Amino acid sequence: MTKSRAAQFLASLALLAMVGVFAGDALAQKTKGKTRAATTKQLMKGLVAPTCGDLKKLLEEKEINWDNVGVKAAVLNEAGYLLLDDGRCPDGDWAKSSEAIQKASAAILEAAGNKDADAANAAFKKLTGEGCAACHKVHKN
Ligand code: HEC
């Protein structure tokens, strides 16, 4: 091996090591934040998914309980911020879908205030499409 080839080889090793570190870091960020205990999976299972399921059921009722719709939308709104906290967010797709959760849940809250089922359903579609599904498509195995 010539001297410059050896240098090239070492440089590519260093690059590979760096890529490994970055990939590992991104993975750690999306499965858990940097300092808090809850994993993303636990937040999904314990907070995000059950709240979204409850909200869906509430919106399917004939007599919609708008107070309860507001409670679920408010909790999901906070979840949209939690998903970005503590260094959990690995990239722009994650950020965009979390912000979609924030925005759509705020729209559901507003619809609940107006007792507007059409607006609430339209916002719920955005919540699951631009929020849940968009993030899962990129980040959920
Ligand atoms: C910003 C990204 C993001 C958003 C938004 C998001 N999720 Fe998730 N979700 C994930 C990731 C990442 C996982 C995989 C976690 C793991 O297995 O470590 C996951 C896993 C899940 C799971 C499986 C949990 C389990 O038991 O393994 C459910 C159910 C779920 N999400 C529901 C939802 C619902 C419903 C919404 C929308 C209201 C939503 N998620 C929004 C990222 C997101």
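Along the sequence shown, residues carry numbers from 1. What you see below is based on every heavy atom in this structure, not just the backbone, and it leaves out hydrogens, waters and symmetry mates. First listed ligand is number 1; within each ligand, the first listed atom is number 1. Values in this document were obtained by computation on a predicted structure and should not be read as measured data.
- In summary, the atoms of ligand 1 found under 4.0 Å from a heavy atom of Ser98, numbered by their order in the structure, are 1 (C).
- Taking atom 29 (C) of ligand 1 as the reference point, the nearest protein heavy-atom neighbour is Ala49 CB, 3.7 Å.
- Look at Val48 and you'll find a heavy atom under 4.0 Å from some atom of ligand 1.
- Looking at His136, its N, O or S atom nearest to atom 8 (Fe) of ligand 1 turns out to be NE2.
- Remark: ligand 1 atoms within the under-4.0 Å shell around heavy atoms of Ser97 are 1 (C).
- Residues Leu82 and Val71 are members of separate hydrophobic clusters, defined by side-chain heavy-atom contacts under 4.5 angstrom among Ile, Leu, Val, Met, Phe, Trp and Tyr.
- With atom 22 (C) of ligand 1 as the reference point, the heavy atom nearest to it among Lys140, Gln102, His139, Lys41 is part of Lys140.
- In terms of heavy atoms, Met44 sits closest to Leu83 at CE-CD2, 3.7 Å.
- Residues Leu58 and Lys72 form a side-chain contact, since some pair of their non-hydrogen atoms from C-beta on lies under 4.5 Å apart.
- Not a single N/O/S atom of Cys135, whether from backbone or side chain, sits less than 2.8 Å from atom 8 (Fe) of ligand 1.
- In plain terms, the two heavy atoms of Ile108 and Val69 that are nearest each other are CG2-CG1, 3.8 Å.
- Considering Thr51, Thr40, Leu55 only, the shortest heavy-atom separation from atom 11 (C) of ligand 1 involves Thr40.
- A side-chain hydrogen bond (donor to acceptor under 3.5 Å, both in side chains) with Thr40 is found for exactly one of Lys30, Lys32, Arg88, namely Arg88.
- Closest to atom 28 (C) of ligand 1 among all protein heavy atoms lies Met44 CB, 4.1 Å.
- With rounding to the nearest 0.5 angstrom, the SG atom of Cys89 is 5.5 Å from the CG atom of Leu84.
- Looking at Cys132 against ligand 1, both its backbone and its side chain come within 4.0 Å, counting heavy atoms.
- Interface atoms of ligand 1 facing Lys45, defined by a heavy-atom separation under 4.0 Å, are 26 (O).
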